[in-house]
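First comes the structure, then the notes that go with it.
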Amino acid sequence: MNLFAVFSERVTAAINAVVGDLSHAVAIDLSRVVVEPPRDPSHGDMATNAAMVLSKDFGMKPRELAEKIAEKLRQDADVTAVDIAGPGFINLRLSGDVWYGALRGLLSDAEGFGRSHLGAHRKVNVEYVSANPTGPMHVGHCRGAVFGDALATLLSFAGYDVTREYYVNDAGAQVDVLARSAYLRYREALGEEIGAIPEGLYPGDYLKPVGEKLAAAYGKDLVGKSEAEWLPLVRAAAIAAMLEMIREDLAALNIRHDIFFSEASLHGQGGPVDITLADLRARDLVYEGRLPPPKGQLPDDWEDREQTLFRTQDFGDDTDRPLAKSDGSYTYFASDVAYMKDKIGRGFEELIFVLGADHGGYVKRLEAVAAALSGGKAHVDVKLVQLVRLFRAGEPVRMSKRSGDFVTLRDVVEEVGTDAVRFMMLFRKNDAVLDFDFAKVLEQSRENPVFYVQYAHARTKSVLRNAREALGAGAGTDTASAKLERLSDSGEIALVHKLAEYPRVIEAAALAHEPHRIAFYVHELASDFHSHWNRGNDDQSLRFVQADDVELTSARLALVQAVGLVLKNGLSLLGVRAPDEMR
RNA sequence: GGCCCCGUAGCUCAGCUGGACAGAGCAGCAGCCUUCUAAGCUGUUGGUCGCAGGUUCGAAUCCUGCCGGGGUCGCCA
């Protein structure tokens with residue numbers, strides 16, 4: 001249950017009641033009305049901007065309108081005080097029962113707390129990772145992978161029907177390079193001396209097992225054959241092996257896609273690309289023409305030439321985009337168009353692409369393609385994920401692709417663990433550069449947010465364990481009958497309020513496609529809990545367990561349990577574990 | 001040169017899609033403390049929200065133009 005949504009409806013009802021009192025009809029636009037927690041808690045429990053936003057519609061001054069709305073709200077039994085402040089804010093104070101009720105609701109449905117119908121089962125496709133199947137994943141892929149996964153989980157929690165998808169680039173020139181590299185390893189496996197891997201091929205050792213497998217499967221059968229004969233066989237085997245490796249890398253991060261979509265499956269005579277382009281031609285969206293040269297520095301190999309173009313410019317792109325290469329084969333973009341058509345055909349209204357920031361130039365054309373193919377029905381949101389800079393105790397980690405000593409995703413996960421990687425990747429807005437320090441994320445200190453949040457959860461469990469020792473095995477289990485009104489300390493109340501905000505955070509994060517908000521929320525909740533805990537050091541009466549007052553203790557244990565449940569709930573959306581103890 | 005992203009306290013970053021005096025954590029300063037679970041705790045200093053206009057009752061947030069940083073710029077994926 002989202003308390004803010006509940007009171008948003010009451011505010012709407014109050015506004016409508018004011019409208020009903022008028023002698024004349026007015027048209028009002030409620031879309032800008034919000035009910036939110038005020039920044040300063042002394043202003044009240046909830047605040048709405050309704051009077052300021054609607055003052056024009058009503059033809060009244062904001063404070064005058066606020067007074068009329070306030071009058072209606074004062075009749076609500078759950079509202080104990082309504083006042084008008086500043087330019088026309090309406091501040092509400094709610095009865096304790098409302099908050100205790102919210103807490104009780106949370107406790108009775110912990111797993112579902114924050115779950116929302118916001119998405120109304122609308123179909124969303126989240127495409128993420130989509131790394132080329134030419135080698136193991138490196139850290140650069142890591143952030144997009146975690147981000148996409150957490151976003152998908154979040155949207156699904158918020159009521160969307162989510163498909164997690166990986167686009168496999170198994171059709172381009174680089175998978176041929178992969179095949180040639182694997183072929184070399186195949187000959188090596190047969191005992192041939194291959195020397196250094198030639199420039200332009202993939203040098204990594206990870207292709208050796210592929211070569212050995214090929215040797216086992218084909219013996220020497222592929223040796224004398226022409227490339228045209230062996231390449232498709234070797235390529236298929238190599239791609240399969242690389243995908244297997246990538247799946248394992250992703251599994252180490254607890255990431256699983258629903259669909260691995262093959263680019264190659266779009267090609268072939270009369271395949272989806274052919275069909276899509278024929279359709280576009282029929283709609284006059286494809287033409288033969290020339291493109292103006294790019295401004296500024298011309299590429300060395302620029303030649304003015306007629307080519308097959310998609311009128312993406314008509315749909316908001318900066319220029320039209322080529323569909324065929326000079327040798328007549330399709331561009332990557334052509335596959336992309338067919339792929340987009342396929343997704344739209346599968347009924348997705350929302351298409352999310354998680355891409356590296358270096359793909360920023362791709363945003364407009366993806367939006368244009370979706371607009372052209374769906375008639376504006378499918379909405380594209382490209383989430384650009386900025387790069388991750390690795391540090392070891394403050395020192396940047398040098399990586400050089402040429403020497404092949406790049407840090408793999410697996411290296412990182414094995415060194416610091418899945419939880420730390422996932423949390424840190426999400427503890428920053430996606431479009432901000434992220435510094436990742438190996439030393440810091442293993443630290444057991446406040447400076448390490450992963451530890452800080454997990455520790456807060458472990459502490460809630462610890463309190464419950466201690467309580468059972470002090471008060472008997474049943475302590476803290478019967479939260480349903482706890483007398484929550486015994487919670488009266490300001491720190492306790494603040495925690496209750498914070499907990500009640502959670503569903504709102506989920507919805508806002510889902511709407512904005514920003515899972516980092518959940519990471520920040522759990523960090524804040526952990527912080528509030530820790531600081532309330534610390535108050536017990538100075539003032540014994542604030543400690544959760546009061547042996548001489550079982551009723552009070554039960555109420556506090558219910559609160560502690562609720563904090564633990566929400567921490568766990570939030571962490572689970574991020575794919576991070578909530579350990580019961582951290583010894 | 002065109003387009004995209006970023007610019008908020010000394011540092012690292014939030015800022016709830018336009019709200020109330022701009023927040024947090026480090027660091028700094030001043031005290032306290034040795035623990036119901038182990039990150040010590042509490043208080044406090046500190047900002048012309050890159051600059052200049054504009055829209056609005058109201059702007060860090062939206063628009064325009066500059067400045068600075070990064071990315072990207074027919075046939076690579």
Side-chain angles (χ1 to χ4, degrees), chain A residues 32 34 36-40 43 47 49 52-53 55-56 61-62 85-89 91 130-132 134 169 171-175 263 290-297 299 301-305 307 309 318-333 335-336 356-364 382 384 386-387 427-429 431-433 435 443-449 451-452 455-456 458-459 461-463 465-467 469-470 501 504-505 507-509 511-512 514 516-517 520-521 523-524 526-527 530-531 533-538 540 543-545 581-583:
Chain A
R32 290 169 63 214
V34 292
E36 57 186 0
R39 203 167 308 207
D40 184 346
H43 288 142
N49 61 352
M52 293 177 292
V53 171
S55 72
K56 254 187 202 150
K61 288 185 179 147
F89 285 100
N91 293 327
S130 299
N132 292 332
T134 55
N169 300 127
Q174 81 261 315
V175 283
E263 180 191 0
R290 288 170 193 281
L291 230 39
K295 301 272 193 281
Q297 185 90 33
D301 55 350
W302 170 267
E303 60 170 309
D304 188 23
R305 136 186 123 68
Q307 50 191 343
L309 299 165
D318 299 319
T319 178
D320 291 338
R321 303 289 174 180
L323 293 161
K325 301 186 207 171
S326 52
D327 66 2
S329 66
Y330 289 124
T331 59
Y332 176 78
F333 177 65
S335 317
D336 245 26
D358 55 341
H359 287 66
Y362 230 76
V363 177
K364 283 188 187 175
V382 180
L384 295 177
Q386 264 293 357
L387 45 111
F427 200 55
R428 191 113 311 175
K429 228 178 355 185
D431 51 13
V433 179
D435 291 346
E443 215 172 83
Q444 300 216 338
S445 82
R446 179 176 192 147
E447 284 193 60
N448 175 5
F451 174 79
Y452 190 68
Y455 181 50
R459 256 186 171 173
K461 292 293 183 183
S462 155
V463 172
R465 282 194 300 269
N466 285 340
E469 225 163 273
E501 262 183 56
R504 211 177 153 265
V505 172
E507 292 196 346
L511 280 172
E514 290 183 351
H516 78 272
R517 294 191 194 198
F520 278 91
Y521 173 84
H523 190 257
E524 283 165 21
S527 171
H530 285 310
S531 70
W533 173 291
N534 286 320
R535 291 175 67 215
N537 288 336
D538 294 336
Q540 298 259 332
R543 296 188 177 192
F544 299 115
V545 178
E581 50 184 10
M582 300 196 61
R583 282 172 202 285

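Every chain is numbered from 1, with letters handed out A, B, ... down the list of sequences. What you are looking at is a predicted structure, and each value in this text was computed from that prediction instead of being measured.
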**Q.** Nearest listed nucleotide, side chain of D358(A), among A77(B), C75(B), U72(B)
**A.** U72(B)
Q: Please identify each residue that fulfils side-chain hydrogen bond (donor to acceptor under 3.5 Å, both in side chains) with Y362(A), with sequence neighbours left out.
A: none
Q) Looking just at side-chain N and O atoms, do S329(A) and D327(A) make a donor-acceptor pair shorter than 3.5 Å? A) yes
Q) Taking the same atom, P, in G31(B) and in U35(B), what whole-Å distance lies between them? A) 23 Å
(Q) Which residues pass the side-chain hydrogen bond (donor to acceptor under 3.5 Å, both in side chains) test with K364(A), not counting sequence neighbours? (A) D318(A)
Q | Candidate nucleotides U56(B), A39(B), A77(B), ranked by approach to the side chain of Y332(A) - the nearest | A | A77(B)
Q. Can you tell me how far P of C73(B) sits from CG of D320(A), to the nearest Å?
A. 18 Å
Q.
Taking only the C1' atom of each, what is the distance from A20(B) to A52(B) in whole angstrom?
A. 27 Å
Q) Using the P atom in both, what is the distance from G7(B) to C13(B), to the nearest Å? A) 10 Å
Q. Should F520(A) and V505(A) count as side-chain neighbours, where that means a heavy-atom distance under 4.5 Å?
A. no
Q) Between S445(A) and S55(A), who's closer to the 5' end of RNA chain B by nearest nucleotide? A) S445(A)
Q. Listed by chain and number, what are the side-chain hydrogen bond (donor to acceptor under 3.5 Å, both in side chains) partners of D40(A), not counting sequence neighbours?
A. S42(A)
Q. Looking only at atom C1', what distance separates G50(B) and G68(B), rounded to whole Å?
A. 7 Å
Q: Side chain of S326(A) only, please: which of C75(B), A39(B), G74(B) is the nearest?
A: C75(B)
Q. Under 3.5 Å, is there a donor-acceptor pair linking the side chains of E443(A) and S445(A)?
A. yes
**Q.** Selected nucleotide, minimal atom distance to N466(A) side chain, candidates G74(B), C36(B), A77(B)
**A.** C36(B)
**Q.** Spacing between R321(A) atom CZ and C76(B) atom P, to the nearest angstrom
**A.** 12 Å
Q) Mind pulling the stems RNA chain B is in, i.e. runs of at least three Watson-Crick or G-U pairs, everything under 3.5 Å? A) B:1-7 with B:67-73, B:10-13 with B:23-26, B:28-32 with B:40-44, B:50-54 with B:62-66
**Q.** Any donor-acceptor pair under 3.5 Å from H530(A) side chain to Y452(A) backbone
**A.** yes
Q | Distance, rounded to the nearest Å, where D318(A) contributes CG and G74(B) contributes C1' | A | 13 Å
What protein N or O atoms touch nucleotides 26-31 of chain B N or O atoms at under 3.5 angstrom, if any, and at what distances?
none

Q: Grab the CD-C1' distance between E263(A) and C76(B) for me, whole Å please.
A: 12 Å
**Q.** Nucleotide nearest R305(A) when distance is taken to its side chain, options C76(B), C4(B), G74(B)
**A.** G74(B)
Q | Separation between the C1' atoms of G28(B) and C11(B), rounded to whole Å | A | 12 Å
Q. Atom CD of E36(A) and atom CG of N49(A): how far apart are they, to the nearest 0.5 Å?
A. 7.0 Å
Q) Rounding to a whole Å, what distance do you find between L323(A):CG and C75(B):P? A) 12 Å
Q: Identify whether any heavy atom of S531(A) sits under 4.0 Å from a base atom; if not, whether one sits that close to sugar-phosphate; answer base, sugar-phosphate or nothing.
A: sugar-phosphate
Q) When you compare U64(B) with C26(B), how far apart are their C1' atoms, in angstrom units rounded to a whole number? A) 38 Å
Q) Which pair of heavy atoms, one from E263(A) and one from S335(A), lies closest together, and at what distance? A) OE2-OG, 2.9 Å
Q | Nearest-angstrom distance, C1' atom, C49(B) to U44(B) | A | 23 Å
Q: Rounded to the nearest angstrom, tell me the gap between atom CD in E581(A) and atom C1' in A39(B).
A: 17 Å
Q: Select one nucleotide: of C41(B), C36(B), A77(B), the one nearest the side-chain heavy atoms of F544(A).
A: C36(B)
Q: Would you check if the distance from the ring center of F427(A) to the ring center of H516(A) is below 6.0 Å?
A: no
Q: Please work out if N534(A) contacts a base, only the sugar-phosphate, or nothing of the nucleic acid, heavy-atom cut-off 4.0 Å.
A: base
Q.
Ignoring hydrogens, what is the shortest heavy-atom contact between R517(A) and A508(A)? Give both atom names and the distance.
A. NH1-CB, 3.6 Å
Q) In whole angstroms, how far is the P atom of A77(B) from the CG atom of D336(A)? A) 11 Å
(Q) What contact category does N537(A) fall into here, base, sugar-phosphate, or nothing, at under 4.0 angstrom with non-hydrogen atoms? (A) base
Q: Would you give the length of the straight line joining atom CZ of F544(A) to atom CZ of R459(A), rounded to the nearest 0.5 angstrom?
A: 9.0 Å
Q. Which comes earlier along RNA chain B counting from the 5' end, the contact point of H359(A) or that of A458(A), where each point is its nearest nucleotide?
A. A458(A)
**Q.** Lys/Arg N to Asp/Glu carboxylate O, E507(A) vs R504(A), below 4.0 Å
**A.** no
Q | Nearest-angstrom distance from the residue atom CG of L387(A) to C1' of C6(B) | A | 12 Å
Q) Base, sugar-phosphate alone, or nothing: which one does G536(A) contact when heavy atoms must sit under 4.0 Å apart? A) nothing
Q) Taking the chi torsion of U17(B), is it syn (within 90° of 0) or anti (everything else)? A) syn
Q | Presence of K364(A) side-chain N/O under 4.0 Å of G2(B) phosphate oxygens OP1/OP2 | A | no
Q.
Say we look at G58(B) and G15(B): how far apart would their P atoms be, to the nearest angstrom?
A. 25 Å
Q | nucleotides 11-20 of chain B: protein proximity per nucleotide (B base, S sugar-phosphate only, - neither; heavy atom, under 4.0 Å) | A | -SSSSBB-BB
Q. Roughly how far apart are R321(A) CZ and D336(A) CG, rounded to 0.5 Å?
A. 11.5 Å
